Amino acid sequence: MKECVIPDLTTLQDGGKLAFSRALSGLEQSYETMLPLLSECYGQPRAQVIGVTGPPGVGKSTLLSEMITRYRQTNRTVGVIAIDPSSKQSGGAFLGDRVRFSTDPDDQGVFVRSMAARQRLGGLSDHTVAAMVLMRAVFDIVLIETVGVGQSETDVSSVADTIVFCVQPGSGDSLQFMKAGIAEIPDIALVTKADLGKVAERAKADLRGALSLAVKRKDQWDVKILSLSSTNADDVQALLFLLDEHYKWMTETGELSIRRKKQAQEWLFEGLRDNFGIKGIEFIQKNDLLPEQLDGVSPFDLLGVMGTKLDFALSV
């Protein structure tokens, strides 16, 4: 195996797809050695991170392909993380979303990475957080497509600034998949395949009713409900307008900072739990080591420092 070379943020920004691909490969080879780069990227976020989730077959990949096209037409660079089901034999991404996205391989303004979900629940992959942090510091827009969610799979909220939840007409998804925790996470609720007419309007009405029964949100954002056909340029543009509107609202109200701090706390907690297990978490809580706020502090820096303390504490 080749030695992992750790790039800095400038190299990542100037090196194009090749540099970014090598950085992601470095994450998979040796996550710990990439912590300095992750800390640097964490401190210089640039992109709006958009999570697109919903049940399998709803048309997420088709929608993302059109979104990429529209963003590139306005000269915005796009990074995409597409979470795929895993191959039982190789453990790798099974479907390979890259073949389903209509992107120009020579376009340095678009980078698509398929990641295998493996055995992880929540619709995400083991390296999604780290890959997102790198992309967020390099691209204008980061799109994350989950593998397809169920009632309790809401992990996308731990990586995305804005969450788009998709359902399709005639499937019952608007009721079935809004019963539990996922009803609380969308910023935009989307009915795909709107060209089906009345059945699409019925799905939109069902979706509106399901959302009205959800637990009241802590922020003041009113969830936007939209019906869309991915083949209609005006429909896709209307979605992009709503996404820009939500990002502007988060920035102006401070909600963006609140969400990202909460996410960073979750990453730190999960990183410590994965490395040190229940005993490590109990030690952290007993000694009040987990900071409530991460103002100006990278969770990746803290993960290294606190990990060293835990190594010592748990060994004596």
Side-chain angles (χ1 to χ4, degrees), residues 6 8-9 12 23-24 26-27 31-51 53 79 81 83 115 120-144 146 153-163 181 184-185 187 217-219 221 246-247 249-277 280-285 287-310:
I6 308 173
D8 57 19
L9 178 54
L12 206 61
L24 292 183
L27 285 175
Y31 180 88
E32 290 76 13
T33 61
M34 300 297 285
L35 288 176
L37 176 61
L38 287 167
S39 291
E40 185 180 9
C41 290
Y42 173 82
Q44 300 186 52
R46 169 180 168 183
Q48 176 185 12
V49 183
I50 301 167
T53 189
I81 301 172
I83 312 301
M115 291 186 168
R120 183 182 175 96
L121 298 177
L124 298 179
S125 144
D126 290 339
H127 294 295
T128 303
V129 169
M132 181 280 291
V133 169
L134 297 184
M135 286 188 177
R136 191 174 67 179
V138 173
F139 298 96
D140 298 321
I141 297 290
V142 175
L143 300 174
I144 300 176
T146 71
E153 295 171 329
T154 59
D155 276 8
V156 69
S157 62
S158 69
V159 292
D161 302 320
T162 303
I163 300 171
E184 302 168 20
I185 69 169
D187 299 296
R217 295 169 63 105
K218 293 181 180 179
D219 61 32
W221 174 259
H246 183 246
Y247 190 65
W249 175 83
M250 286 192 296
T251 302
E252 292 177 347
T253 61
E255 178 65 21
L256 181 63
S257 177
I258 292 172
R259 291 192 183 194
R260 288 182 173 177
K261 285 178 183 176
K262 181 179 179 181
Q263 290 171 354
Q265 288 178 279
E266 292 180 16
W267 305 341
L268 178 61
F269 190 88
E270 288 187 2
L272 292 169
R273 181 191 61 197
D274 291 345
N275 282 280
F276 299 97
I281 294 303
E282 289 176 348
F283 181 86
I284 292 167
Q285 293 173 332
N287 293 276
D288 196 27
L289 295 178
L290 193 64
E292 294 184 0
Q293 298 294 331
L294 291 170
D295 291 315
V297 181
S298 164
F300 303 103
D301 280 339
L302 284 174
L303 184 58
V305 173
M306 294 173 69
T308 300
K309 291 181 180 179
L310 279 170

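Hydrogens, waters and symmetry mates play no part in the numbers below; they use all other heavy atoms, side chains included. In this text, all values refer to a predicted model and were calculated from it rather than measured experimentally. Numbers here simply count residues along the sequence, with the first being 1.
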Student: Just wondering, do Arg136 and Tyr42 contact through their side chains at under 4.5 Å, heavy atoms?
Tutor: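 Side-chain contact under 4.5 Å: yes.
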Student: For the side chain of Asp161 and the backbone of Gln48, is there at least one donor-acceptor N/O pair under 3.5 Å apart?
Tutor: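 The answer is no, because no donor-acceptor pair under 3.5 Å joins these two groups.
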Student: Could you tell me whether the side chain of Trp267 and the main chain of Ser158 form a donor-acceptor pair under 3.5 Å?
Tutor: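 Between the backbone of Ser158 and the side chain of Trp267 there is a qualifying donor-acceptor contact (under 3.5 Å).
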Student: Quick one: closest heavy-atom pair of Ile81 and Ala131, and the distance?
Tutor: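 Ile81 and Ala131 have their closest heavy atoms at CD1-CB, 3.8 Å.
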Student: Roughly how far, to the nearest 0.5 Å, is the CE atom of Met132 from the NE2 atom of His127?
Tutor: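 If we round to the nearest 0.5 Å, His127:NE2 and Met132:CE are 14.5 Å apart.
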Student: Considering all heavy atoms of both residues, which atom of Ala160 and which atom of Gln263 are nearest to each other, and what is their separation?
Tutor: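 Taking Ala160 first and Gln263 second, the nearest heavy atoms are O-NE2, 2.9 Å.
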Student: Are side-chain heavy atoms of Leu38 and Ser298 found at a separation under 4.5 Å?
Tutor: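 Not in contact.
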Student: In Å and rounded to the nearest 0.5 Å, what is the NE2 to CG distance from His246 to Asp187?
Tutor: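 One gets 3.5 Å once the value is rounded to the nearest 0.5 Å.
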Student: Please check if the side chain of Arg46 supplies one atom and the backbone of Val138 the other of a donor-acceptor pair under 3.5 Å.
Tutor: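 Judged by distance alone, yes, a pair lies under 3.5 Å.
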Student: Enter the distance from Leu9:CG to Glu40:CD here, rounded to the nearest 0.5 Å.
Tutor: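 Leu9 CG to Glu40 CD: 4.5 Å, rounded to 0.5 Å.
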Student: For Phe139 versus Gly79, what's the shortest heavy-atom pair and its separation?
Tutor: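 Heavy atoms only, the tightest pair is CG-N, 3.6 Å.
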Student: Enter the distance from Glu266:CD to Lys261:NZ here, rounded to the nearest 0.5 Å.
Tutor: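 Between Glu266 CD and Lys261 NZ, I get 15.0 Å after rounding to 0.5 Å.
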Student: Would a 4.5 Å heavy-atom cut-off, applied to side chains only, mark Ile50 and Val142 as touching?
Tutor: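 The answer is no; the side chains never approach within 4.5 Å.
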Student: Kindly assign one of parallel, tilted or perpendicular to the pair Trp249 and Trp221, based on the angle between their ring planes and the thresholds 30° and 60°.
Tutor: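 Judged by the thresholds at 30° and 60°, the geometry between Trp249 and Trp221 is tilted.
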Student: Measure across Arg260 and Ala47 and return the closest heavy-atom pair with its distance rounded to 0.1 Å.
Tutor: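 Taking every non-hydrogen atom into account, NH2-O, 2.9 Å.
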Student: Which value, rounded to the nearest 0.5 Å, describes the distance between Asp8 atom CG and Cys41 atom SG?
Tutor: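 Reported to 0.5 Å precision, the distance equals 9.0 Å.
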Student: For the residue pair Thr162 and Val49, establish whether any side-chain heavy-atom pair is separated by less than 4.5 Å.
Tutor: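 No. Closest side-chain heavy atoms not under 4.5 Å.
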Student: Please report the C-alpha distance between Leu134 and Leu27 in whole Å, then the side-chain angles of each, then the deciding distance to 0.1 Å, and finally whether the side chain to side chain contact (heavy atoms under 4.5 Å, CB included) criterion is met.
Tutor: CA-CA 10 Å; Leu134 297 184; Leu27 285 175; 3.8 Å; yes
Student: Quick one: are Val156 and Thr128 in side-chain contact, heavy atoms under 4.5 Å?
Tutor: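 They are not in contact (no side-chain heavy atoms under 4.5 Å apart), so the answer is no.
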Student: Measure the spacing between CG of Leu143 and CE of Met135 and express it to the nearest 0.5 Å.
Tutor: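 One finds 9.5 Å between CG of Leu143 and CE of Met135.
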